[in-house]
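Every chain is numbered from 1 and lettered A, B, ... according to where its sequence line falls, protein lines coming before strand lines. Atoms considered below: every heavy atom in the structure, side chains included; atoms not considered: hydrogens, waters and symmetry mates.
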Amino acid sequence: METSIVISQTDGRPIYLQIMEQIRQRVVLGDWKPGEQIPSIRAMAIALQISVITVKRAYLELEREGVIVTQHGKGSIVASDPDLGSRLYDKEFEEHLRQAVRIGALLGLTEEEIVERLRQAAAQLEMEES
Amino acid sequence: MIDAAVEFSGVTKRYKYFTLDHIDLKLPAGYIMGFVGANGAGKSTTLRILMGLVHQDAGYVNVLGHAMPQDQATAKRDIGFVSEDMRLYGAATLEWHMRFVRSIYPRWDNGYANELLRRFDLKAQQKIKGMSHGQRVKAALILALARRPRLLVLDEPTTGLDPIARREVLGELMAVLADEERTVLFSSHNTLEVEQISDQVTFIDRGRILESSDKETFLDRWRRLRLVLPPNTRLPGLPGIVKVDGSSRLPVITTNRFEPAMMAACTEVGVSVQAVDVMTLEEIFIASVQNQREGGAL
């Protein structure tokens, strides 16, 4: 299986998080289908030239999230959960919202102001699309 | 997981102007350890003790189940060692060296050696003296890798290499780990490459180990917190503070015992956390060395 995962040294986030995000995306988009075998931890580490322990951590956390299932000695597969795709979308949405709130707080916006800005953004988007 | 491939316990070696002081190290089989230190920190001495080339004054060294230096003859059959000062014979070709190594080590894998020649873009017929520094390093690496040793010990394998050659060398180190029984220990000053490929990270400075643990836990423990203090507020007591920079109202704190609860502890006393920065291994290494040299406890 072609991993097609890209690690960025200038991303600023830990590498295991980058791997997790890209695997989630592949699953959301259906590139990697439920029940499908994904590269082993060592194969992934060698392909990306990053340490085994980093990939292991990404896989462990993805397993905790229910995205993949690892069977001892048999490698890992994408979880066969019918709602997985929408659950992951939801998770990503949540992440973006948290990020927006964090940046808003850095700018000194109050909670109400952040909500208001979100409404404005929705209205703006609606206008652009019509 | 199997036993440790390499284990040092209280290893000490005294020289007139340098002491390697109670070195404790443990590298589990199947993993790769990056050994980081400034020039003269004790990296090469440690690796030489591991190889039985230098005998420790005190302490215990076990390599692949063999006590060193007593069992070095047996242990060395399973160890591949590459270092700067291990000179190849300049007047002879790489092929001559390959035949020589092959005659000593029955496990020599000729197919793999030829594959490495191709991947490293080397000619077996070329004499060592006509090779560039990068080509010599790659030649020495072929001689070590094609023996398929269970433990590969490399003293600064990438120092002085151009980015392309470095990538090729690191790629081959990683490929060794496809086999879960094989272990790699390499020293380097290049923290970026250590951060990228190592499972275990060890920092050494002035003959002492500063840190030695698995890389993920290690990176997770270190954070830089950028705080904003309201007037007349004091910093809350936080664990593992290695360094405080910035101004009194806008302190920047480096900790090596980060946990998310720290943020709550700050907010509780009215201190707002502007950012929690992940640190690169280079930043951690420098903070850790400075802290040690200033007499701080880690």
Fill in the blank from the handout: When the 4.5 angstrom heavy-atom criterion is applied to Ile32(B) and chain A, the contacting part is neither
Practice task
Evaluate side chain to side chain contact (heavy atoms under 4.5 Å, CB included) for Phe218(B) paired with Glu195(B), printing each intermediate quantity in order.
Solution key: CA-CA 11 Å; Phe218(B) 189 45; Glu195(B) 180 168 359; over 6 Å; no
Fill in the blank from the handout: Max heavy-atom pairs within cutoff under 4.5 Å with chain A, candidates Leu219(B), Leu170(B), Leu177(B), goes to Leu177(B)
Problem - Side chain to side chain, Leu235(B) and Leu227(B), heavy atoms closer than 4.5 Å - result: yes
Problem - Side chain to side chain, Ser76(A) and Glu63(A), heavy atoms closer than 4.5 Å - result: no
Problem - Under 4.5 Å from any heavy atom of chain B - which part of Ile50(A) - result: both
Problem - Atom group of Asp277(B) that falls short of 4.5 Å from chain A, counting heavy atoms - result: neither
Practice task
Check Asp155(B), Thr202(B), Thr46(B) against Ser187(B) for a side chain to side chain donor-acceptor pair (under 3.5 Å) and give me the one that passes.
Solution key: Asp155(B)
Problem - Pairwise side-chain contact, Glu113(A) with Leu107(A), heavy-atom cut-off 4.5 Å (strictly under) - result: no
Handout entry: Which portion of Leu192(B) sits near chain A, non-hydrogen atoms under 4.5 angstrom
Key = side chain
